[in-house]
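Here's the structure we're looking at; comments come further down.
Convention: sequence-line order gives letters A, B, ...; per-chain numbering from 1.
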There are 2 protein chains.
Amino acid sequence: MRTIRYQQIASELRERIRLAGRNVLLPSESDLSSEFDVSRVTIRRALETLRHEGLVESRQGFGWYVAGGPLQQHLGGLATIEDQLEQRGIKPERRVLEFAFQNAPPRVAAVLGTEQVLRVKRLNLADGDPFAVVTVWCPAELGHRLSRRDVEQQPFYTLLGIELRGATQTIGADAASADDAALLQVSVASPVLRCERVTTDTTGRAVLLSEHVFPAHRTEFIVELPNAAPSTTPSGLRLVDERVTPAI
Amino acid sequence: MRTIRYQQIASELRERIRLAGRNVLLPSESDLSSEFDVSRVTIRRALETLRHEGLVESRQGFGWYVAGGPLQQHLGGLATIEDQLEQRGIKPERRVLEFAFQNAPPRVAAVLGTEQVLRVKRLNLADGDPFAVVTVWCPAELGHRLSRRDVEQQPFYTLLGIELRGATQTIGADAASADDAALLQVSVASPVLRCERVTTDTTGRAVLLSEHVFPAHRTEFIVELPNAAPSTTPSGLRLVDERVTPAI
DNA sequence: GATGTAGACAAGTATAATACAAGTGCGTGA
DNA sequence: TCACGCACTTGTATTATACTTGTCTACATC
């Protein structure tokens, strides 16, 4: 039986990748081609095979590295998943579904401390595939200069023109509503990650409230705990309080 | 595998920062560049990486210093669910469902780097109500002294007799499997939070892999991002009353 | 047609070396 | 005491070199 060289190489690399950690850099294509004594084209075909399997990714001028599962969000900076997508060479697209100034629902009014708010609902896509339904509320006096096009082209937190300090984020699981399911192209009631984020400015005032809905099969959060308290139990988890108001 | 200099330097500095206190001043960029024998540009890229992670900040003309009210403190200091329960005077109950030495499935073998593992599956309850299905794998040579009763009475990490350092935790949503649904007393395919935690010892080797499945309606994560203001939701203890409804 | 080799070029990244602007801390000298 | 200058710091350029992936062409082999 004839063996096909680039498939051999692909399975050898598959084995190495299995043992390596996330984001580990592979040797360069020319190193690999001299190691396996084949041309660069053959190496590339092997690597493209692995890319197709989702095992590796590459950036021009940088190299090939081990992929980290589905879309992973690092909790740890104000940066959003959109920045992380751009860093990985995926061009995020924002499609604005709703853009309106309105009276704040009670929960929003309570958090932001104002009655008049701008509410923006967006669908975020990565390489054309929807991966998040995002609803953002911000006080009307901060949002009155924003246009629909603004929020389509830039992440929200760069548009406000004020310095932000931090955020508190809650992460929960839920079943997809009919609306969200249609937008995300998943079945109704399939599992989703539902996150709420309250962003504050340097004075500690809440200036943004946002809700993100991610389809479960495409996203997960990842938290590095360099010197965590020893435990196998996930930290930061709490039980939901029944009196917390329902839907924002 | 290739390595990139500024990433190496970043992780070396991460380690130093972990050991240093708050607001400690780092050596100047030129000191660091002569210490690591690289150019200032490379040092800056490493530092910018750490800034993005919220570990350090800088002021022009002053220097780089370890960030103030940092994320790590919060993430590291967050209480686990079990602590929360104990603080409330509720005695958490652990029911061991399975306890067996076996061959590691591929994923587990890859993470722990060994074929023979101890697998323990537990159901955690609070006041008789199940709130988590936990599966823990650890290398057989570390677990061979443990008995079934040990893991029923004490948290896993106290039993190993080795010093642990940190962890990486991923958080995702999923639909409940038939098994998990039965154990958690929810419907099949209802949403659950599925968390995986890889715990490492002081040498950085992975020694525990654990998977936790929580029913979505009773649990959510709260994460304080860098410099977050003391905000609406306390990240400490917040417990459930009996009749729970989905929040958010 | 699928597979492979060899090579060339464009575009992006990593790193070094250097220069200069601008902010900070501190001592000196009037 | 206070203003000034000096040493040192980060912030921001520019230039240059080596290396990496992305893409293309031409050609050989089975």
Check this for me, if you would: do A:E48 and A:R45 make a salt bridge, where the nitrogen-to-carboxylate-oxygen distance has to be below 4.0 angstrom?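 Salt bridge between A:E48 and A:R45, a charged N being under 4.0 Å from a carboxylate O: no.
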Atom [atom1] of [X] to atom [atom2] of [N]: distance rounded to whole Å?
| X | N | atom1 | atom2 | result |
| --- | --- | --- | --- | --- |
| A:Y65 | D:dT21 | OH | P | 12 Å |
| B:F36 | C:dT15 | CZ | P | 13 Å |
| B:L25 | C:dG23 | CG | P | 19 Å |
| B:I4 | C:dG12 | CD1 | C1' | 12 Å |
| B:R5 | D:dA18 | CZ | C1' | 17 Å |
| A:D37 | C:dG4 | CG | P | 13 Å |
| B:D31 | D:dA7 | CG | P | 17 Å |
| B:R45 | C:dT15 | CZ | P | 7 Å |

Excluding sequence neighbours, so at least two apart, what forms side-chain hydrogen bond (donor to acceptor under 3.5 Å, both in side chains) with [X]?
| X | result |
| --- | --- |
| B:T3 | B:Q8 |
| A:E53 | A:R14 |
| A:R40 | A:E29 |

Go through C:dT5, C:dA14, C:dT15 for me and flag the one nearest to the A:V38 side chain.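 Of all the options, the side chain of A:V38 is nearest to C:dT5.
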Of the listed nucleotides C:dA14, C:dT5, C:dG4, the one nearest the side chain of B:Y6: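 Of all the options, the side chain of B:Y6 is nearest to C:dA14.
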Approximate separation, where rounding is to 0.5 Å, of B:T42 OG1 and B:I4 CD1: 10.5 Å
Give me, pair by pair, the N or O atoms of the protein and of nucleotides 10-15 of chain D that are less than 3.5 Å apart, along with how far apart they are.
residue : atom : partner : partner atom : Å
D:dT10  : OP1  : B:E29   : N            : 3.4
D:dT10  : OP2  : B:E29   : N            : 3.0
D:dT10  : O4'  : B:G61   : N            : 3.3
D:dG11  : OP1  : B:S58   : OG           : 2.8
D:dG11  : OP2  : B:R44   : NH1          : 2.9
D:dG11  : OP2  : B:R44   : NH2          : 3.1
D:dG11  : N7   : B:R40   : NH2          : 2.7
D:dG11  : O6   : B:R40   : NH1          : 3.1

Bend angle of the helix from C:dG1-D:dC30 to C:dA30-D:dT1, end axes from five pairs each (to 10°):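 Nearest ten degrees gives 10° for this helix.
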Residues which pass side-chain contact (heavy atoms from CB on, under 4.5 Å) with [X], listed by chain and number, not counting sequence neighbours:
| X | value |
| --- | --- |
| B:S34 | none |
| B:E141 | B:T114, B:P139, B:R205 |
| A:E12 | A:R16, A:F36 |
| A:A173 | B:A173, B:P191, B:L193, B:A216 |

